[in-house]
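Heavy-atom basis, side chains included; hydrogens, waters and symmetry copies ignored. One-based numbering along the sequence shown.
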Amino acid sequence: MSTWVAVIVVVVVLAGAGLWYLSAFNTFVRLRNLVAESWKQVDVELQRRHDLVPNLVAAVRQAASFEQGVLESVTRARTDAQRLTARDDADVVAVAAAEESLSTSLTRMQALAEQYPQVQAVRGYDALRRELADTEDRIAAARRLYNANVRALNTRIESMPSAWVAAAHHVGRAEYFEPASPAVRDVVDVGDLLRRDRREA
């Protein structure tokens with residue numbers, strides 16, 4: 001009788017361990033899919049910004065030929081960012097750096113444009129500027145969702161005993177999508193930009 005009890009206990013323990021293993025594996029599959037899905041949403045919003053940039057640059061160029069260097073910088077940054085996000089195997093860290101560069105260039109262009117009334121008078125400029133601001137908000141929301149999913153996946157990978165399942169199936173950590181430096185959050189000093197552009201002219 002005790003042998004049967006021992007066998008039943010072993011079977012129950014093995015079945016429980018097997019069910020736990022399958023559950024842990026399925027959790028990793030779900031988390032990886034959530035990270036991939038939320039990255040697609042970030043990508044959609046980044047593409048929306050990339051599509052707005054040429055129109056914004058054209059509006060500024062139409063009103064002011066004073067800042068060809070700034071406009072070229074924005075165009076170049078947009079091209080670099082678009083090239084990286086278009087890849088199927090996009091490196092999140094590289095994309096973040098390219099998008100940070102684009103954000104810096106756009107901020108500089110908009111800060112300088114604020115100083116020139118003829119830019120404000122261009123038809124459609126204000127609407128483009130508002131749409132870009134709305135897009136930036138949407139990118140921030142998509143980034144928060146993506147980073148939350150990354151955090152959930154990475155926490156699960158680092159937690160025991162699920163770390164064993166992650167190691168057995170080569171589930172790697174995901175990278176956060178965030179600016180490489182806090183400088184991107186700084187307020188632009190327009191006076192400093194104008195002085196620098198006059199020196200470079």
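When all heavy atoms of Glu158 and Ala163 are compared, the pair lying nearest together is C-CB, 4.5 Å. Glu45 and Thr135 get closest at one heavy-atom pair: O-CG2, 3.7 Å. Contact between Ser105 and Ser73 at its shortest, heavy atoms only, is OG-OG, 3.1 Å.
Leu106 is listed as a side-chain neighbour of Leu56, based on a closest heavy-atom distance under 4.5 Å. Taking 4.5 Å as the limit, some side-chain heavy atom of Leu132 sits within range of a side-chain heavy atom of Gln110. Looking at Thr85 and Glu99, their side chains come closer than 4.5 Å, going by heavy atoms from C-beta outward. Residues Arg49 and Ser103 have side chains in contact (heavy-atom distance under 4.5 Å, counting atoms from C-beta outward). Contact annotation: the side chain of Arg83 approaches that of Asp80 to within less than 4.5 Å [non-hydrogen atoms, C-beta and beyond].
Between Arg173 atom CZ and Thr155 atom OG1 the span is 8.0 Å, to the nearest 0.5 Å. Considering CZ of Arg138 and CD of Glu131, their distance stands at 9.0 Å, rounded to 0.5 Å. Between the CD atom of Gln82 and the CZ atom of Arg78 there is a distance of 4.0 Å, given to the nearest 0.5 Å. Summarising the geometry, atom OG1 belonging to Thr104 is positioned 13.0 Å from atom CE belonging to Met109; distances are rounded to the nearest 0.5 Å. Atom CG of Asn154 is separated from atom CZ of Arg156 by 13.0 Å, given to the nearest 0.5 angstrom. Atom-to-atom distance recorded for Asp134:CG and Arg129:CZ is 12.5 Å, nearest 0.5 angstrom.
Within a 6.0 Å radius of CD in Glu175, no more than 12 heavy atoms belonging to other residues, nucleotides or ligands are found.
At a threshold of 4.5 Å between side-chain heavy atoms, the hydrophobic network of Ile, Leu, Val, Met, Phe, Trp and Tyr places Leu102 and Tyr146 in two separate groups. With hydrophobic clusters built from ILVMFWY side chains whose heavy atoms lie under 4.5 angstrom apart, Val150 does not share a cluster with Leu145. With hydrophobic clusters built from ILVMFWY side chains whose heavy atoms lie under 4.5 angstrom apart, Leu31 shares a cluster with Val42. Under the 4.5 Å side-chain contact rule for hydrophobic residues, Val44 and Val53 do not share a cluster. Under the 4.5 Å side-chain contact rule for hydrophobic residues, Val74 and Ile139 do not share a cluster.
For Phe177, the ring-ring contact (aromatic ring centres under 6.0 Å, His included) partners are Trp39, not counting sequence neighbours.
At a cut-off of 3.5 Å, with distance as the only test, no side-chain donor of Glu37 or Gln41 sits close to an acceptor on the other residue. With no hydrogens or angles considered, a side-chain donor-acceptor pair links Gln47 and Asp51 at under 3.5 Å.
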With side-chain contact (heavy atoms from CB on, under 4.5 Å) as the test, would you mind laying out the steps for Leu153 and Ile157 before giving the verdict?
CA-CA 6 Å; Leu153 174 64; Ile157 288 171; 3.9 Å; yes
CA sep, side-chain torsions, deciding dist, call: Leu84, Asp91, side-chain contact (heavy atoms from CB on, under 4.5 Å):
CA-CA 8 Å; Leu84 285 169; Asp91 177 358; over 6 Å; no
Could you list the donor-acceptor pairs under 3.5 angstrom formed by side chains in residues 164-172, with sequence neighbours left out?
from, atom 1, to, atom 2, distance (Å)
His169, NE2, Tyr21, OH, 2.8

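The backbone N or O of Ala24 sits nowhere less than 3.5 Å from a side-chain atom of Ser162 that would complete a donor-acceptor pair.
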